[in-house]
Amino acid sequence: MKFNNPTFFKWFKSILLVVVTILLLCSILCGYMLILLRNNTIQMSGNLTQYIQTNIDSRLFELYKYSSSLELHPANIYLKKLKTAPKTIPTKVYQFSDQMLNYNYSNKLIDSIFIYYPNLHKIVGNLGCYDADSYYALDNLLLLNGYEQWLNTLTMESDSDFAYLQSDSRNQFCYIRKIKNAEELVGYLVFELNADELLNTSLMTENSGDPHSSLGILLDGKLIAYTGNSEELTRLAALLPNTLDAPVVLEESASLLYARPSSLKNLCYLNVYFHKKNLQPVYITLGICILGIIVCGISGILASVLISRKNIRPLINLLDKIGGTPDKENDEYATIHKRFDQLIKDYSDNTEKVQEQQSLINNFFLKTVLYGDMHSEYAIFNVAKRCNILFENPRYLIAIAEPVSARPQLDEDLLLTINKYWETHHFDVISSFHEGNIVILFNIEETISQNTISKLIKEMKAEVFGEDKWVIALGLDYDGLVNIQYSYAQAVTALHYQIKPESSVICYNNYMENIASPGLSYIDTFENFSKNMIQNDYSAALVLAPAVFDNYFSEEDSSEITKVKFRAIQNLLLNAKQKVKQEILTSGCSIHTAQILSCTSPAQLREYTQCILKELSTPLQGTKNGTSSIAERAKTIILRDFSDPMLGLYRISAELNISDSYLSTTFKTAFGIGVVQYINSLRIEQAKKLICDTDLSIREIALAVGFSSDASFIRVFKRYELQTPNTLRKNQK
């Protein structure tokens, strides 16, 4: 491969651009990580300081609550009212002292608790009840040095509840509560606090000597407790303002100070983070990253050359296969683009031809079903298979669209538009031109109300037909391919007898049944007749047959309408004949399929209809035996194959060569239970035995008895047994 090839340089530039972009992003990412780490450090320091403040403040606030209870103690109320010391100390005062001692033992934060009464010159505390100087000496290992200084500090006027009691022997961080009696200051309640314990308990850590961070507590700007480097804390604390009302962040080259005031007066919390030491590993890692970026950059340039040379080879091979040759004006890419554009155009042309052919096939299929001599599911299914038409749903419905004015031209694009519209609404349809109208066959999963489908068709009409005026008639939906003709007959009838020409959608059920017209009184009668035939109620259909023929055929009917009416009744008779799977024999005559189809006069069709219905409604012994035989054969199949997950109503009816509805009705009549319910009951009984007698898992049992999954098995088992399989197994143990 020559390096001066234009395509080679395209590859090289693109790969090099990617490498440079990656290196730049790596650099930006490293810088961003440092900034993010710094910000996180500040945020972490602030959060830690806030945590310390919240923790310590809450512990100090507990002292406030306990001091309130001490102040309300009867002994304190007694002492604070005295002007001079009593000659005899009451027992309740010593009990008061014992209470302080117990609390002191239970709280490590408190070194000592006492109340100083200036008027009495007495102190009651956890060490007992003594004169003030005696209590001080007892608390300071019998030393009186610094007593006056300590007493002055204790009684000093201050707006804070905290003080640093100073004496010659020690300095103590204290919480002081002033006790008053009628606005007169009569005592001082003092908690001597262990500041280090307060801080360490809040942090749940020990002083680490020289950690990467230091924490401290300030009282009036003086460091009273700390962990870490006290000198650094003292130095940075001096940089803070005297009064701290809000959090303050001070950043230096090697450290970061975060100061936060307490909710208690004159207290402040510090957190110093030595980020230079902590970020040292990051700086080392950053250096390694920069070195790696340089190495990657050099490697990327070399790799770009190699990859560019390799990537151009498939282009040459592709050009050889698709028959393209680059020239001076067009390089390899341009040549491939032109060649693919030509291939796409050829594919589009071929696709249009295929769609046109499929449209013609759809038209052939609908005409064959509507006007052919096919009266069985098997025959229509074979035609659909040969036409490459697949129906996935069990129910079918016909809609007929008729233009109000002129007949439309056979525009295949209009049919494609209709099909695409319904496809976007998740409906399977086949549309075709038929005698100047558009016939649409809907294949739906379950029954849809006429109002719902009417609303959808109105939306389709507005979007597809636009301003053109069309009338669309709907038949009812039925189960089975053989009933497509019946739905079509209903749609044609509704279209022919429309009362309101301005109606855009006519529903056979919702519209025709409510028409108040003398010429259409047969609609209710014929609808009831057809329902009885479909539901195998042949006795009721025989009663309605005379009224149907008296009102159904009219001299005003066109030949097309008469043909449709004949087809509707013929379909009902042939469907009934197929359900019982026998030639219908009557006394003195034999009526076969050919005779039913060749019938041309209403009188003859009426005679055939009455003869057939009499035969079907007569409870002959042979029929009873046949029904019983079918139910017994179905039961035998179920007992044999109930553990097969594929066993169901459809498979059994296919094996017996009868319809699903006939099998369901026959089986329930014979045994008083539905086919599916009987299969499930057998599976559940077998599953109960396996649950009680074996150690198989629930999933293994579900598969063994014929369920496709353990979830469906558990659901059905609970419905039948009112408990789960696991519950049954536990109860058996």
Side-chain angles (χ1 to χ4, degrees), residues 355-356 358-372 380 383-384 387-404 407-466 468-496 498 503-511 560 564 567:
Q355 290 176 344
E356 292 175 359
Q358 188 62 46
S359 178
L360 295 175
I361 292 174
N362 293 345
N363 188 29
F364 166 76
F365 171 76
L366 282 177
K367 287 184 178 180
T368 303
V369 173
L370 298 178
Y371 288 98
I380 299 176
V383 174
C387 294
N388 195 28
I389 298 174
L390 177 64
F391 295 107
E392 297 182 354
N393 300 312
R395 303 192 69 82
Y396 303 88
L397 179 147
I398 288 290
I400 302 176
E402 180 182 66
V404 175
R407 296 288 180 180
Q409 296 181 352
L410 297 179
D411 186 2
E412 300 296 336
D413 292 337
L414 181 58
L415 298 181
L416 293 176
T417 303
I418 293 174
N419 292 339
K420 289 180 179 178
Y421 174 85
W422 289 110
E423 183 179 352
T424 58
H425 288 75
H426 308 290
F427 279 88
D428 294 331
V429 302
I430 294 176
S431 60
S432 175
F433 286 105
H434 184 63
E435 298 183 356
N437 298 333
I438 296 177
V439 179
I440 304 174
L441 170 61
F442 291 85
N443 181 220
I444 55 180
E445 184 175 1
E446 56 186 11
T447 299
I448 302 177
S449 68
Q450 294 273 290
N451 291 335
T452 302
I453 194 68
S454 174
K455 181 180 178 181
L456 294 173
I457 286 181
K458 286 180 181 179
E459 295 175 357
M460 183 274 293
K461 178 178 176 296
E463 183 172 332
V464 176
F465 297 133
D468 297 338
K469 294 183 177 180
W470 290 72
V471 176
I472 302 177
L474 291 174
L476 301 178
D477 64 281
Y478 292 97
D479 185 6
L481 288 166
V482 73
N483 290 314
I484 293 176
Q485 298 169 337
Y486 184 42
S487 181
Y488 175 74
Q490 291 177 328
V492 171
T493 303
L495 188 66
H496 180 75
Q498 56 174 307
S503 299
S504 60
V505 178
I506 306 171
C507 300
Y508 180 80
N509 189 28
N510 295 346
Y511 182 66
E560 177 67 21
V564 168
R567 181 66 68 192

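Just so it is clear, the model here is predicted, and its values are computed rather than measured.
- Evaluation of the side chain to side chain contact (heavy atoms under 4.5 Å, CB included) rule for His425 yields Tyr421, Phe427 as partners, not counting sequence neighbours.
- Looking at residues two or more places apart in sequence or on another chain, you find no side chain to side chain contact (heavy atoms under 4.5 Å, CB included) involving Glu423.
- Looking at Ile440 and Met460, their side chains come closer than 4.5 Å, going by heavy atoms from C-beta outward.
- Residues satisfying the side chain to side chain donor-acceptor pair (under 3.5 Å) test with Asp477, not counting sequence neighbours, are Arg395, Thr447.
- Trp422 has its side chain out of reach of Ile430: every pair of non-hydrogen atoms, C-beta onward, lies at least 4.5 Å apart.
- Between Phe442 and Ala399, the closest heavy-atom pair is CE1-CB, 3.8 Å.
- Residue Ile438 forms a side chain to side chain contact (heavy atoms under 4.5 Å, CB included) with just one option from Leu415, Val464, Ile472, and that option is Leu415.
- Between Tyr488 and Leu441 the shortest side-chain heavy-atom distance does not fall below 4.5 Å.
- Looking only at distances, a side-chain donor or acceptor of Ser487 sits under 3.5 Å from a matching main-chain atom of Ile398.
- Annotation: side chain to side chain donor-acceptor pair (under 3.5 Å) contacts of Ser432 (sequence neighbours excluded): Asn363.
- Checked against side chain to side chain donor-acceptor pair (under 3.5 Å), Thr452 has the following partners two or more places apart in sequence or in another chain: Ser449.
- Atom OG1 of Thr424 is separated from atom CD of Glu463 by 7.0 Å, given to the nearest 0.5 angstrom.
- For the pair Asn437 and Pro403, the minimum side-chain heavy-atom distance is below 4.5 Å.
- Atoms CD1 and CG, from Ile453 and Leu476 in turn, are 12.0 Å apart once rounded to the nearest 0.5 Å.
- When all heavy atoms of Ala491 and Ala473 are compared, the pair lying nearest together is O-CB, 3.3 Å.
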For Ile418 and Phe465, run side-chain contact (heavy atoms from CB on, under 4.5 Å): C-alpha distance rounded to whole Å, both residues' side-chain angles, the deciding distance at 0.1 Å, then the answer.
CA-CA 9 Å; Ile418 293 174; Phe465 297 133; 4.2 Å; yes
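- For Lys455, the side chain to side chain contact (heavy atoms under 4.5 Å, CB included) partners at least two apart in sequence or on another chain are Glu459.
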